[in-house]
Amino acid sequence: MPEVAAARKIRLKVNGVAHEALVEPRTTLADFLRGGLALTGTHVGCEHGVCGACAVLVDGTAVRSCLMLAVQADGAELMTVEGLAESDGKLHPIQEAFVEEHGLQCGFCTPGFLIAIYELLESDPSPSEEAIRDVLGGQMCRCTGYQSILRAVHSAAAKLGAARSASATPGA
Amino acid sequence: MKPAPFEYVAPTTVEEAVSSLSGCDGEAKLLAGGQSLMPLLNMRLARPDLVVDLGRVAALDYIRESDGRLAIGAMTSKRSVERSGLVASRQPLLHAATVLVAHPQIRNRGTVGGSMAQADPAAEYPAMAVALDAELRVVGPDGERSINAEDFFVTYLTTALQPAEVLTEIRVPVLAPGSGWAFTEVARRHGDFAMAGAAVTVTLDAGGHCADAKIVLFGVGPVPVRPRGAEQAVNGERPGEDLYRQAGRKASEEIDEPLSDVHASAEYRRHLAGVMVRRGLAEAVARAAAARGDA
Ligand SMILES: Cc1cc2nc3c(=O)[nH]c(=O)nc-3n(C[C@H](O)[C@H](O)[C@H](O)COP(=O)(O)OP(=O)(O)OC[C@H]3O[C@@H](n4cnc5c(N)ncnc54)[C@H](O)[C@@H]3O)c2cc1C
Ligand code: FES
Ligand code: FES
């Protein structure tokens with residue numbers, strides 16, 4: 001086994017910002033985001049794919065960043081939980097829905113849920129109950145019991161739908 | 001929890017991947033979607049010298065239909081299979097098996113080839129492949145060969161792949177007209193690995209009797225298991241709840257001692273095997289009857 005493997009140069013975009021960095025091949029994407037880019041919103045719970053706390057979007061799809069190497073993200077566009085709110089701090093409708101519906105208690109799982117739900121609502125603006133449960137089943141929460149998160153997804157879908165139809169109405 | 005150091009290459013062709021594997025002095029590991037390998041690396045249960053990432057081999061990501069078969073590239077994600085209209089319409093059993101694998105977030109990266117090569121005894125894809133009599137295409141230093149699904153799975157987490165071989169494609173026949181199918185499992189939570197499950201295909205002959213019954217159980221043995229006695233008990237018989245029950249009993253009696261672990265005891269898995277056969281047959285016969293009605 002190599003003592004250390006030579007670091008690689010990677011280029012990627014995270015939340016719209018271009019980065020170039022040297023990483024060891026064994027560095028997971030989660031550790032690179034947290035340690036290399038100081039984006040500590042991405043949480044690390046289990047580090048073996050079970051809890052979903054580390055979810056980020058890679059080229060639009062929600063993935064476990066603990067199950068990806070940073071070198072595999074070379075050339076990719078990423079979004080982490082830090083990319084959800086607007087630059088003036090205004091929360092994303094999914095985040096607002098979490099606040100209103102009490103979708104979080106300790107908040108450890110929340111970044112992962114927000115990313116997974118973001119992907120779901122981007123690809124399916126009015127998902128069935130079954131589709132929502134399929135996605136939430138891949139995220140673990142030890143506090144809420146999930147029902148408030150389920151309500152937050154429905155509420156976020158309605159908010160996003162209303163925003164879409166408002167912007168689609170001429171003169172509105 | 002961090003992987004031990006390894007060298008890393010990301011070839012863009014299968015040939016380069018094969019030569020990286022065969023040129024490695026120590027242990028080399030292919031990385032596909034990482035949904036099984038990365039946990040093993042993070043926990044240092046796997047400590048390869050070299051990781052050969054197939055993620056940039058774009059030519060292994062496709063779903064095509066030709067000559068009555070679907071050909072699927074090894075690096076096609078399960079999410080692509082799940083979303084494929086071609087798969088849903090031409091081989092619905094494959095679609096049904098796919099949506100039972102883990103969660104969407106795992107299916108986004110987990111690949112078709114990775115699930116075959118991982119050969120987890122409780123996984124859906126190996127059972128699907130045996131049920132559909134899939135053919136697996138493999139490329140190695142000596143060229144290409146093909147392996148039948150039934151010969152591919154050797155034992156727990158072990159396949160017929162040689163160390164420098166890359167699985168490139170899996171081919172499954174499209175659903176035959178008039179044929180019924182089912183894919184059923186019991187897991188503690190939706191998305192978890194199954195405690196036991198079954199893939200079933202069956203047709204009904206002109207007189208309405210069961211024919212060509214094929215039953216493949218998973219989660220109950222080191223590889224997908226075919227309870228041939230149960231299959232024989234069904235063929236030539238008139239379908240009905242009694243027959244399904246009898247086949248289920250037979251299946252649960254004829255299988256070898258299943259695995260016993262924290263998820264389920266051997267005894268419970270044996271019981272579940274019978275239940276899965278009964279439910280699977282009922283569903284598959286109902287579909288076969290509907291298909292006959294359509295014809
Ligand atoms: C939380 C969680 C839940 C899961 N639940 C399920 C479940 O319910 N059912 C289920 O079936 N699976 C489940 N999985 C496993 C998942 O489906 C994996 O995606 C799959 O087992 C491996 O596919 P991969 O592409 O990720 O392969 P990798 O993890 O990248 O590789 C797995 C193995 O296959 C080898 N390999 C990969 N591709 C090739 C190839 N083309 N040729 C030769 N060798 C190759 C690798 O060297 C490695 O040994 C789960 C995983 C997680 C993290
Ligand atoms: S930390 Fe990645 S899934 Fe738990
Ligand atoms: S809010 Fe605490 S784990 Fe989900």
Against chain A, residues from residues 12-20 of chain B with at least one heavy atom under 4.5 Å, in numeric order, are none

Which of A:H48, A:E47, A:R64 passes side chain to side chain contact (heavy atoms under 4.5 Å, CB included) with B:P39? Answer is A:H48

Kindly check if the number of other-residue, nucleotide or ligand heavy atoms within 6.0 Å of CD (A:E129) is above 12?
yes

Taken to the nearest 0.5 Å, the spacing of B:D53 CG from A:L69 CG works out to 7.5 Å

dist A:Q72:CD -> B:Y8:OH (nearest 0.5 Å) comes out at 5.0 Å

| task | For side-chain contact (heavy atoms from CB on, under 4.5 Å), just list the numbers for B:M38 and A:T28, CA-CA rounded to whole Å, side-chain angles, deciding distance to a tenth of an Å, and then say yes or no. | result | CA-CA 9 Å; B:M38 283 295 296; A:T28 65; 4.0 Å; yes

Closest non-hydrogen contact found for B:P5 with A:E24 is CB-OE2, 4.4 Å

Exercise. Please confirm whether the backbone N or O of B:P3 pairs with a side-chain atom of A:R26, one donor and one acceptor, at under 3.5 Å?
Key: yes

The interface call for A:A55 against chain B, heavy-atom contacts under 4.5 Å, is neither

Is it true that, when you exclude A:R164 itself, more than 12 heavy atoms of the residues, nucleotides or ligands shown sit nearer than 6.0 Å to its CZ? yes

Practice item. Might you work through the side-chain contact (heavy atoms from CB on, under 4.5 Å) test for B:K2 and A:D31, ending with a clear yes or no? Key: CA-CA 9 Å; B:K2 310 293 164 198; A:D31 284 346; 2.5 Å; yes

So, the part of A:R8 with a heavy atom under 4.5 Å from chain B: the answer is side chain

Applying a strict 4.5 Å limit to non-hydrogen atoms, the region of B:L31 in contact with chain A is side chain

(request) Would you kindly say whether B:H103 and A:D134 are connected by a side-chain donor-acceptor distance under 3.5 Å? (result) no

Taken to the nearest 0.5 Å, the spacing of B:R83 CZ from A:S123 OG works out to 5.0 Å

Ordered numerically, the heavy-atom neighbours of chain A under 4.5 Å found in residues 104-125 of chain B are B:P104, B:Q105, B:I106, B:R107, B:N108, B:R109

